[in-house]
Each structure stands twice: as structure tokens, then as C-alpha cells.
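See below for the structure under consideration.
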Amino acid sequence: MILSRVLAVALAVAVTTLCASAGDSAKTLRVVFAISETSFDPQFASDAASDGIIANVYEAMLDYDYLARPVKLVPRTLEALPSIEDDGKTYVCKIRKGIFFTPDPAFKGKPRELTAADHAYGLKRLLDPAIKSPWAWLLEGKIVGSDEARANAAKTGEFDYDAPLAGLEVVDRYTLKIRLKQPDLRFAYALAVPNTAAVAREVVESYGADFGAHPVGTGAFTLGEYKRSSKIVLIANPGFREWKYAPAGSIPPESEPIAAALKGKRLPLVGRIEISIIEEGQAQWLAFLNRELDVLERLPSEFVDQALVEGKLRPDLAAKGIKHELLLRPNTWWTYFNMEDPLLGGYTPEKIALRRAISMGYDVNEYIRVILKGRAVPAKSPVPPDIAGYDANLKTQAQLYDPPAARALLDRFGYRDRDGDGYRETPDGKPLVLERWSTPTSLARQADEQWKKNMDAIGLKIVFKKDRLPELRKMARLGKIPMRGDGWNADYPDAENFMQLLYGPNAGQENQARFKLPAFDKLYDQARTLPDSPARIRLFDKMTEIVLAYAPWRLSEHRLEDHLLQPWVRYYKPHPIRSQVWQFLDIDETKRSR
């Protein structure tokens, strides 16, 4: 254990004497991540594993009510939801007094209260080009003065955190005023994304490049034991403020018993969370069956038949007290093509034809039926159901599985087999080899096999390269991957959150296809200014039509999630936006010990 960690623990113990500790130290929740973390820096990380830790250690200004449906924003570090002025151009945020960061040597032994300046600093880090934040799109082009600040940083090589920024005004110790260039009635959603969390500047500067391994927040948990890419332990924050669940919206009947049980209880309920990193589905499933995991938050697709019968929990598992929760989380999965790749990229007719032929040659229905065991529905738009801006009546045809049409399209644009080896060459006679990257898991290998079969059927040669997901994400941001499958869970319930994945200025962030088309970007900018309305939905429909026409993506599916719980887990209900709900869970240790 390094010295700084020893000091931090000692300081945490000191705080405990001042504030009754939340979380029962005798209770441990054991969960699993299917991918490795990359960093616990809120403004830098974007993978599900890292963000799951960040959401429990750090705090954004806003959050979502645990049980309310439809989902509802609630204050987190604010006294109340922001007051909105100037028809949606100004957000006034009042920070709750008495919130403290967990002790850290960077604070030199003194309690460190959260202030408006900390939230402003966290938002500025999103804008700092040196951070290379994949979340910059949340603020970029929106905050007054943000473009000028980023341009100056690009020119000088350093972001000036001390220079006044008109769009982020620290009015006083507990008041932050955010000014936007134009009205945005959905901007509050951005303030609920965990990656907009407040961070303490002195901690960032103390740890420097290693800040991502030393998370210091104001949240319900702190980082305990940490073995990179293997095991992460969270400990209930001994200095966490008193927090009790109080529903802020409509509670569905099936969740009313949970709401009643949580009433009056101080959160979090467990004192320790052990997160194992297990990438292979088989190992996850066996760990759950062996009672080594309390919650399996996503049943691996390859074990659906062993856990479910026609979508219901198998009787033998139900007899053991195991519980099943089904969630159609707002998500979309796709295969993207790098629009800057010499073979697959480009906006000329023959390049578009190649991508559209690949898309028509791939059988999404077979993938869902055989590999995902039916636990998904085909995607016809980047926007998933139950998201504002989704059009259930949208008719799309461009990516239907049609191998004969795919072969005809390739023939028409000169992609022919000139040497008789069964595979096509480019129109100028050069070798044509598709390169698809994926993770080294059994599920990905099955997907590779189907891709090869489908591409062989239309005369396209495809090869596969492997790496772990964190490395693939790094490569994708740098534009080094020609073709890869990926997915996105909603950060907030609006179509903008999905269309930003193809917005030109976001290339190098989460626009991994590096798609840059002025017509698409113009529609996206227009949609930002409109309230929820049929007119706004039509803009998203037009964006979808552009995606299908230019084919930077081969749309795939919206996945169903099957969550399995051991009999001793209490109060679990999956949330459509929040991936981890650990703060609300309890463990009946008497049942677990049987």
C-alpha cells in the first residue's frame, strides 16, 4: 500500500468520528464487469467499466430518481434543479452546502468542501484539448466563450483555467451560472452525466498524469483495493452526507414495495463492493452459479438457453430463489466504417456503394437469432425506442439483408473478381481485404465467423484482428481502425445523445466513424434548438436517412438485458439510464450464508 493511500485511509477514519458512517461494513456486494477499466478520470474515461466506478465515487450536479418511470431528473450536489432563465440560455445552479470531498493528502489534512468553483473546474476540463475528453461534445459550441478558450489553448498549448469564462461564472462560493450561446431546454441532461462531475483542482495537480488512478470525489463510495484490469473494491464513504431515498416521480406498481422498503434508510446500505473483471461469458456464468457473484447485471448471450425458457427464468433456477429482471435499455449497436480509411472511407459513389453492399450482405436477423439467442430487436435507426426523437413509424429499406442486391451493387461499381480466386478486387484492380477489429472473447469469435460467412457469400475477403476493448477504444479515437462493431447506452433520454455519435465535430471523440457531412451536421444543429415536437422528430428522421444513404454505420440491434440476482439481494431494479444502482442495494447475509 503506497504512503498516500495510507494517509488517505487515516484521514477517512478521522472524518468518521465527526459523521456517522453510511454503509454496513459487514455487508459486501459482489458484481462483475465484462470489460476492463481505462481510467477513473471523469473527464477522460468513456467506457462502461470506468464510468461505473466514476458514477459511484464522484458526483455530477444532477442524477436520475432510482425508481421513477418515466425517468426523472433530481438534484445530486445541487439544492434543487437548476433555475432556467433567458428562455433556456442560462442555468443557475445552487450547490448544496456541507458536501465534502473524501480526505486525500492533496488537501493537507484539512476538510475540503465542495464549491461552485469545483463544478466549474470539472466542466472546464471537458473543454481542455489536452484532456482529449470524449465528452467535450456536451459543452463544445454551447458554452459562451468555450470556442475561444479552446482555440487559445490550441494556440498556446495550455488551457487557461484561471481566465474568466463568461459561460461558466462562479457567482459566489455556492452558485454557478452557466450561459449558453442559444436556448437549450435539454441542457440539464448534460449536468446528470457522471463525467461532468466536480473534481478538486489540487488533487488533479497533485497526481498529474496518474490522476486517473486516484479518484477523489464526494460520492457514496471511495476506491479501496485496486488491481488494474482484475479487481476493484469500493468502500462506503465514511464521511458521506446523510442521504435517504425519497421518490421524486411516478413509481410503477412493481417498484412500490422497493420504494416503501427504502423509505427512511440511509444510503448506501452495503459497506463494500467487490468488482471482478471477467471478460469471458462462461467464466461470468459459472461465477454466478457458484454463488461468487451476487448480481449478474447482463446475462452473457451464449448462456441464455441455460438461464431462460421463452424469456422466463428456468424453473430450477427460480426454485433456488434466483430472480430475473428484464430491461430493454435504450441502446443501439452497429458496425462502423472509418470514413477516413483508404479502402472503406470516402464519400464518392463507389465508396458509398462498397459500404452499402457490405451492409446488405450482413444478416442482422441471423446474428440476433443465433448468437444473441433472440435477446435483441433489429435497429432501423441510430435512435432506440423510448427515447425522445424516436419515430416508430419510420420506414427504412437501405440496410435490409439482400445478398443478390449486394453482389449486383458491387458489380455495377467495378468491384469484381479479376483473378478468379473467389474474391473481388477494387475497381482499379488492387487487392480488396476488409479488416475488422474485435475483442478476443467467445461471443466476438462467433460474430467473426458469421461476418466471414456473409462476406464470402458476396465475394468480399475479410480478416480479423483482436485486442482488448480499452485498446480498441484508444485506437478508434485516433482513427486507426477501419471497421469495428460497437454500441451505445443512453446517457440521457434524447435522440441527440445518439446522433452526436455521427456529428462531424465529434470525430476523434465518440464519432468513431469520423463521419463528417455538412448536411447531417446542419440538421443536428437545428434539432438542438427545437423543443420536443413532430418537427424535431422529422429532423432526426432525415439524419437517419443520411446515415442509411452514406452508410458510415451498418445498424445492427437494440439489445435486451437479462439481469440475474441471488436470493439474498434486496431492492434491485435496473435503471434505463444508470448502469449501476449499487447505492440502493442491500444484502441479507443470513440468506447468503445458508
Without swapping roles, check the side chain of Lys97 against the backbone of Thr115 for a donor-acceptor pair under 3.5 Å.
no

Minimal heavy-atom distance between Asp128 and Tyr161, with the atoms involved, is OD2-OH, 2.7 Å

Check whether any side-chain N or O of Asp104 sits under 3.5 Å from a backbone N or O of Val216 as a donor-acceptor pair, and report yes or no.
no

Assess the side chains of Gln500 and Asn506: does a donor N or O sit below 3.5 Å from an acceptor N or O?
yes

Check: Ser276 side chain, Ile278 main-chain N or O, donor-acceptor pair, under 3.5 Å
no

Would you kindly say whether Tyr572 and His563 are connected by a side-chain donor-acceptor distance under 3.5 Å?
yes

For Thr544, does its backbone N or O pair with a side-chain atom of Ser381 as donor and acceptor, under 3.5 Å?
no

Main chain of Val74, side chain of Asp63: is a donor-acceptor contact present, judged purely on distance under 3.5 Å?
no

Separation between NZ (Lys573) and CG (Leu327), nearest 0.5 Å, reads 10.0 Å

Set of residues satisfying side-chain contact (heavy atoms from CB on, under 4.5 Å) with respect to Asp86, sequence neighbours excluded:
Lys89, Thr90

What I want to check is whether the side chains of Gln583 and Tyr245 have a donor and an acceptor closer together than 3.5 Å.
no

Look at the side chain of Arg179 and the backbone N and O of Ala166, then say whether any donor-acceptor pair between them is shorter than 3.5 Å.
yes

So Gln509 and Tyr503, side-chain hydrogen bond (donor to acceptor under 3.5 Å, both in side chains) or not? Walk me through it.
CA-CA 10 Å; Gln509 298 177 36; Tyr503 183 55; over 6 Å; no

Distance-only polar pair, side chains of Thr222 and Thr102, donor-acceptor under 3.5 Å:
no

Assess, by modelled atom type and distance only, whether the side chains of Lys373 and Ser301 contain a donor and an acceptor separated by less than 3.5 Å.
no

Spacing of Arg538 atom CZ and Met543 atom CE [to the nearest 0.5 Å]:
13.0 Å

Under the 3.5 angstrom rule, does the side chain of Ser255 hit a backbone N or O of Ile258 as a donor-acceptor pair?
no

Measuring only between side-chain heavy atoms, which start at C-beta, is Asp294 closer than 4.5 Å to Thr28?
no

Say whether Gln182 and Thr529, considering side chains only, have a donor N or O and an acceptor N or O under 3.5 Å apart.
no

Show me, pair by pair, the donor-acceptor contacts under 3.5 angstrom made by side chains of residues 38-53, not counting sequence neighbours?
{"unit_1": "Thr38", "atom_1": "OG1", "unit_2": "Asp47", "atom_2": "OD1", "d": "2.5"}
{"unit_1": "Thr38", "atom_1": "OG1", "unit_2": "Ser50", "atom_2": "OG", "d": "3.3"}
{"unit_1": "Ser39", "atom_1": "OG", "unit_2": "Asp41", "atom_2": "N", "d": "3.0"}
{"unit_1": "Asp41", "atom_1": "OD1", "unit_2": "Gln43", "atom_2": "N", "d": "3.0"}
{"unit_1": "Asp41", "atom_1": "OD1", "unit_2": "Arg125", "atom_2": "NH1", "d": "2.8"}
{"unit_1": "Asp41", "atom_1": "OD2", "unit_2": "Arg125", "atom_2": "NH2", "d": "2.9"}
{"unit_1": "Gln43", "atom_1": "OE1", "unit_2": "Arg125", "atom_2": "NH1", "d": "2.6"}
{"unit_1": "Gln43", "atom_1": "NE2", "unit_2": "Asn195", "atom_2": "O", "d": "3.2"}
{"unit_1": "Gln43", "atom_1": "NE2", "unit_2": "Ala197", "atom_2": "O", "d": "3.1"}
{"unit_1": "Ser46", "atom_1": "OG", "unit_2": "Arg477", "atom_2": "NH2", "d": "2.7"}
{"unit_1": "Ser46", "atom_1": "OG", "unit_2": "Glu510", "atom_2": "OE2", "d": "3.3"}
{"unit_1": "Asp47", "atom_1": "OD1", "unit_2": "Ser50", "atom_2": "OG", "d": "2.8"}
{"unit_1": "Asp47", "atom_1": "OD2", "unit_2": "Ala49", "atom_2": "N", "d": "3.3"}
{"unit_1": "Asp47", "atom_1": "OD2", "unit_2": "Ser50", "atom_2": "N", "d": "2.8"}
{"unit_1": "Asp47", "atom_1": "OD2", "unit_2": "Ser50", "atom_2": "OG", "d": "3.0"}
{"unit_1": "Ser50", "atom_1": "OG", "unit_2": "Thr38", "atom_2": "N", "d": "2.8"}
{"unit_1": "Ser50", "atom_1": "OG", "unit_2": "Ser39", "atom_2": "N", "d": "3.3"}
{"unit_1": "Ser50", "atom_1": "OG", "unit_2": "Ser39", "atom_2": "O", "d": "3.1"}
{"unit_1": "Asp51", "atom_1": "OD1", "unit_2": "Asn195", "atom_2": "ND2", "d": "3.0"}

Any non-hydrogen side-chain atom of Leu180 less than 4.5 Å from a side-chain atom of Val144?
no

Find the distance between CZ (Arg150) and CG (Leu126) and round it off to the nearest 0.5 Å.
9.5 Å

Heavy-atom side-chain contact between Arg570 and Asp588 under 4.5 Å:
yes

Non-hydrogen side-chain atoms of Leu234 and Arg272 separated by less than 4.5 Å:
no

On the six-membered ring of Trp333, is Arg559 placed so that its NZ or CZ lies under 6.0 angstrom from the centre and within 45° of the ring axis?
yes

Below 30° counts as parallel, above 60° as perpendicular, anything between as tilted: where do the rings of Trp553 and Trp334 land?
parallel

Which value, rounded to the nearest 0.5 Å, describes the distance between Thr77 atom OG1 and Leu176 atom CG?
10.0 Å

When you compare the side chains of Asn331 and Trp488, does any donor N or O come within less than 3.5 Å of an acceptor on the partner?
no

If the plane angle is over 60° it's perpendicular, under 30° parallel, otherwise tilted; pick one for Phe288 and Trp285.
parallel

Spacing of Ile35 atom CD1 and Leu469 atom CG [to the nearest 0.5 Å]
4.5 Å

For the ring pair Phe584 and Tyr571, is the centre-to-centre distance below 6.0 Å?
no

Indicate whether the side chain of Asp491 and that of Tyr189 have a donor and an acceptor atom separated by less than 3.5 Å.
no

